[in-house]
Trainee: 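Here it is, the structure in full.
Worth knowing before you read on, the calculation uses all heavy atoms, side chains too, and leaves out hydrogens, waters and symmetry mates. Worth saying up front: this structure is predicted, and the values here are computed from it rather than measured.
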Amino acid sequence: MFKKNVDAKALQRLSGADKKKLRRTAKQRFPQASDDDLDAILPPKVEITVAKYPSRTLVYGIEGELPMLFDIDGRGHELFPTVYALWKVPYLLPAFTLKGGEVSHFILGGADLMFPGISVPPEGLPSFQAGQPWSVKVPGNPAPIAVGTTTMSNTEALKAGLRGKALRIAHYYKDLLWASADGRYVPNEGFYDDMVIEDPNFASASQHIDSSEDPSEGKQDKAAVDVSECLTEDHAINSETIENVTAGVSELNLPQEKTTEEQTEEKEHQHLSTEEIDSLLDICLLQALHTNVKDKDLPMPGSILWSNHILPCRPPGVTLDIKKSSHKKLSKWLQSKSSSGLISVKEDKHKKEVMLIGISRKHPDYTAFKHHKRVQEAVEQHDNIVADGSSAKQLEVDEIYKPSSHVNPIFLAVDADTGKYYSASEAFDVVFRYVEKENLVKQTDKAKVILGATLCDALYKGAVKKGSAYPSEIHKKDLGSTFVNRMQIHHRVARGNEVVIRKGAIRTVQIMTERRQGNKKMTRVSGLECFLLDADSLASELQKKFACSTTTAELPGKKGQHEVLIQGGVIENLAKHLVDHHGVPKRYIEVYDKTKK
């Protein structure tokens, strides 16, 4: 975006009305930003300037200081913060974390962010939609290095095997927008001319906190309480350390039973011979082909087949390791199944991976196999089931879709109800039923679908730029996601007998710790209503759990939405409590600690 040096056509001050309008637009574009956050990047009592460029791009900045926001289309639809704004408020946008500092070299060279360069957290890829603003961070460095627009949703990304472009970069550290500021600077010692690495000060602070944790059991909680009672405000650093120690001990004590289960699984796995593992692999493959893998999903990367379909079909409590089999490698095992005629595979030389391209459903092994309904293990359901011993009811969160005017003709053609809600997989089935009914599969390439007039309008009408040609065909792997993106996204939340369906993607729970007067900490949690949690009840519950004062307050400008304010820095324990006792999935919790510099 800012790769070529272009002079601004005009530079002028914003009027009071325009400043208010810009602030409203920023609030809509960055919903997680508080009023204090907006004050940090758009101070109310200073002059705000706007620079107008020939490409219609607008750059807003503090007069005589730094650029804070830029608007690509000049209409507020593509408003982004600059890296200077993100260095003031790092949590203004959700962020993708790179796999390492070496990947930042490509971002600073002007490349877009690809999915293989993103570090996926243990709880899985966070939820996002196509066209949303996200930032980019380097592990161990809290300061973002770039901003851009997501090119697809997390659902589409998983279906694509986490391949392709994740973020279309609009602005990055060291580009001409960053360099245009007279007072340009870097936020920490991890920023170099051609690369960004972890901040040594941030890393050393984290190591200091980790080294202060005491893994011993028993009297930790009592000791923490006794010592903290004797502290004054002059000893706030020691208080913070004690809170981290207490949090560390609680986390260390919890997973002991899991460790025992893992040891049991390893013992069971050690008893399986090579022949038994080979047999188990064949059973899991046949089970997956019967229950999970559909012809419309092909071609499919071998890694996706293994992780998303074969492993979930293994018996409960059994570890399945391809290296313990006689084949040693996934590619060799799949090729052996291809030689037997059960499946067809080919090697993708570009991706250096074996692809599943066909299934012989008339093969003797396939027809003779009697599949069973798979019962998921409790471990796999941890996102929706609350912890044992909790009085909270089971929470279920689902993304659902409603047919829009774009896709209604497809639903009507296959006698599907246009007034009901569909899961992504159900919507996929509808469009593929239509393809089968109209015989639209390309005869010379079974992996592609010919776009008839009705299907082409459903997928692309209004989305193709004026003057551009409409596509004549689409790959099967892209058909389902493109179809779903033309539907209206909703989300369904159920807790016990209470079920709520709301329009739009589900919003996250926001947990933020900030420093108030003196050196005291305050933790705020909002977004509870999305998960059918009552703010007053939670405040009373947390008051007893953390032995501290709590209160509730209505969010400004959001009628009916409340936040809970908790005395002290309980950010990590609070997030864990919401997951374990109220069933809120980890991927829907965002944590910000504004007390760390």
Trainee: Excluding sequence neighbours, so at least two apart, what forms ring pair (Phe, Tyr, Trp, His ring centres under 6.0 Å) with H290?
Mentor: Y366, F369, H371

Trainee: Could you go step by step and tell me if S34 and D37 meet the side-chain hydrogen bond (donor to acceptor under 3.5 Å, both in side chains) rule?
Mentor: CA-CA 5 Å; S34 66; D37 297 334; 3.0 Å; yes

Trainee: How far does CG of L286 sit from CG of L281, to the nearest 0.5 angstrom?
Mentor: 11.0 Å

Trainee: Please report the closest heavy-atom contact between I145 and S104, naming both atoms and the distance.
Mentor: CD1-CB, 3.8 Å

Trainee: So, S338 side chain and L334 main chain: donor-acceptor pair closer than 3.5 Å or not?
Mentor: no

Trainee: Minimum heavy-atom separation for D112 and I169, please, with both atom names.
Mentor: OD1-N, 2.9 Å

Trainee: Rounded to the nearest 0.5 Å, how far does CG of N485 lie from NE2 of H406?
Mentor: 11.5 Å

Trainee: Looking at every heavy atom in both H309 and V293, which two are closest together, and how far apart are they?
Mentor: CG-CG2, 3.9 Å

Trainee: Would you list the pairs meeting salt bridge (charged side-chain N to carboxylate O under 4.0 Å, His left out) in which at least one residue belongs to residues 413-422, sequence neighbours left out?
Mentor: none

Trainee: Looking at R361 and L289, would you say the former's side chain and the latter's main chain have a donor-acceptor pair under 3.5 Å?
Mentor: yes

Trainee: D478 and T482: which non-hydrogen atoms are nearest, and at how many Å?
Mentor: O-OG1, 2.7 Å

Trainee: Testing the basics here: between P471 and L451, what is the closest heavy-atom pair and its distance to 0.1 Å?
Mentor: O-CD1, 3.5 Å

Trainee: Taking the side chain as every heavy atom from C-beta outward, state whether V414 and V430 have any atom pair closer than 4.5 Å.
Mentor: yes

Trainee: Do S404 side-chain atoms and Q488 backbone N/O form a donor-acceptor pair below 3.5 Å?
Mentor: no

Trainee: Go through the steps for L330 and L305 under the test side chain to side chain contact (heavy atoms under 4.5 Å, CB included), then give the verdict.
Mentor: CA-CA 10 Å; L330 176 64; L305 173 67; over 6 Å; no

Trainee: Any side-chain heavy atom of M512 within less than 4.5 Å of one from E563?
Mentor: no

Trainee: With sequence neighbours left out, what residues match H577 under ring pair (Phe, Tyr, Trp, His ring centres under 6.0 Å)?
Mentor: H581, H582

Trainee: Considering all heavy atoms of both residues, which atom of A505 and which atom of H491 are nearest to each other, and what is their separation?
Mentor: C-ND1, 3.6 Å

Trainee: Can you list the residues that meet the side chain to side chain donor-acceptor pair (under 3.5 Å) rule with Q443, with sequence neighbours excluded?
Mentor: K446

Trainee: Rounded to the nearest 0.5 Å, what's the gap from CE on M487 to CG on N408? Could you check?
Mentor: 9.0 Å

Trainee: For the residue pair F70 and F80, is the inter-centroid distance of their aromatic rings smaller than 6.0 Å?
Mentor: yes

Trainee: Count the heavy atoms belonging to other residues, nucleotides or ligands that lie under 6.0 Å from OH of Y421, then report whether that count exceeds 12.
Mentor: yes

Trainee: For R492 and I400, indicate whether the former's side chain and the latter's backbone hold a donor-acceptor pair under 3.5 Å.
Mentor: no

Trainee: Is there a donor-acceptor pair under 3.5 Å between the side chain of S336 and the backbone N or O of W333?
Mentor: yes

Trainee: Going by the rule salt bridge (Lys or Arg N to Asp or Glu O under 4.0 Å), which residues pair with K402 if we only count those two or more places apart in sequence or in a different chain?
Mentor: none

Trainee: Whether the side chain of T150 engages the backbone of Q132 through a donor-acceptor N/O pair (distance < 3.5 Å, no angle test) should be reported.
Mentor: yes

Trainee: Taking side chain as C-beta onward, heavy atoms only, is D536 less than 4.5 Å from H562?
Mentor: no

Trainee: Salt bridge (Lys or Arg N to Asp or Glu O under 4.0 Å) with R23: which residues, sequence neighbours excluded?
Mentor: D39

Trainee: Taking the side chain as everything from C-beta on, heavy atoms only, tell me whether L93 gets closer than 4.5 Å to P144.
Mentor: no

Trainee: Using the salt bridge (charged side-chain N to carboxylate O under 4.0 Å, His left out) rule, collect all pairs that involve residues 325-334, keeping only residues at least two apart or in two chains.
Mentor: none

Trainee: Would you list the pairs meeting side chain to side chain donor-acceptor pair (under 3.5 Å) in which at least one residue belongs to residues 449-470, sequence neighbours left out?
Mentor: none

Trainee: Please lay out, stage by stage, how L479 and L459 fare under the test side chain to side chain contact (heavy atoms under 4.5 Å, CB included).
Mentor: CA-CA 9 Å; L479 176 59; L459 299 182; 3.7 Å; yes

Trainee: Got L538 and L578 here, is their nearest side-chain heavy-atom distance under 4.5 Å?
Mentor: yes

Trainee: For the side chain of R29 and the backbone of E78, is there at least one donor-acceptor N/O pair under 3.5 Å apart?
Mentor: no

Trainee: Please step through side chain to side chain contact (heavy atoms under 4.5 Å, CB included) for the pair L455 and V449, ending with a clear verdict.
Mentor: CA-CA 10 Å; L455 183 57; V449 173; 4.1 Å; yes

Trainee: Can you sort out the partners of F96 under ring pair (Phe, Tyr, Trp, His ring centres under 6.0 Å), two or more places apart, ordered by chain and number?
Mentor: F128, W134

Trainee: Check for me whether the distance between the ring centres of F411 and F483 falls short of 6.0 Å.
Mentor: yes

Trainee: State the NZ-CG distance between K337 and L342, to the nearest 0.5 angstrom.
Mentor: 6.5 Å

Trainee: L162 versus L125: any side-chain heavy-atom pair under 4.5 Å?
Mentor: yes

Trainee: Taking the side chain from E426 and the backbone from S423, do they hold a donor-acceptor pair closer than 3.5 Å?
Mentor: yes

Trainee: Hey, mind stepping through S326 and D278 against side-chain hydrogen bond (donor to acceptor under 3.5 Å, both in side chains) and telling me if it holds?
Mentor: CA-CA 7 Å; S326 61; D278 288 347; 2.6 Å; yes

Trainee: Give, for atom CE of M152 and atom CG of L158, the distance between the pair rounded to the nearest 0.5 Å.
Mentor: 10.5 Å

Trainee: Using the salt bridge (Lys or Arg N to Asp or Glu O under 4.0 Å) criterion, which residues pair with D365? Sequence neighbours excluded.
Mentor: none

Trainee: For a 4.5 angstrom cut-off between non-hydrogen side-chain atoms, does C456 reach I474?
Mentor: no

Trainee: Side chain to side chain donor-acceptor pair (under 3.5 Å): which pairs involve residues 503-512, sequence neighbours left out?
Mentor: T508-Q510, Q510-E590

Trainee: Does any non-hydrogen side-chain atom of L298 lie less than 4.5 Å from one of D295?
Mentor: yes

Trainee: Looking only at atom types and distance, does a side-chain atom of K437 sit under 3.5 Å from a main-chain N or O of A413, one as donor and one as acceptor?
Mentor: yes

Trainee: Is it the case that more than 12 heavy atoms not belonging to R56 sit under 6.0 Å from its CZ atom?
Mentor: no

Trainee: Can any side-chain N or O of H363 pair as donor or acceptor with the backbone N or O of S340 at less than 3.5 Å?
Mentor: yes

Trainee: Between atom CG of L22 and atom CG of D71, what is the distance when rounded to the nearest 0.5 Å?
Mentor: 8.5 Å

Trainee: With sequence neighbours left out, what residues match F531 under ring pair (Phe, Tyr, Trp, His ring centres under 6.0 Å)?
Mentor: Y588

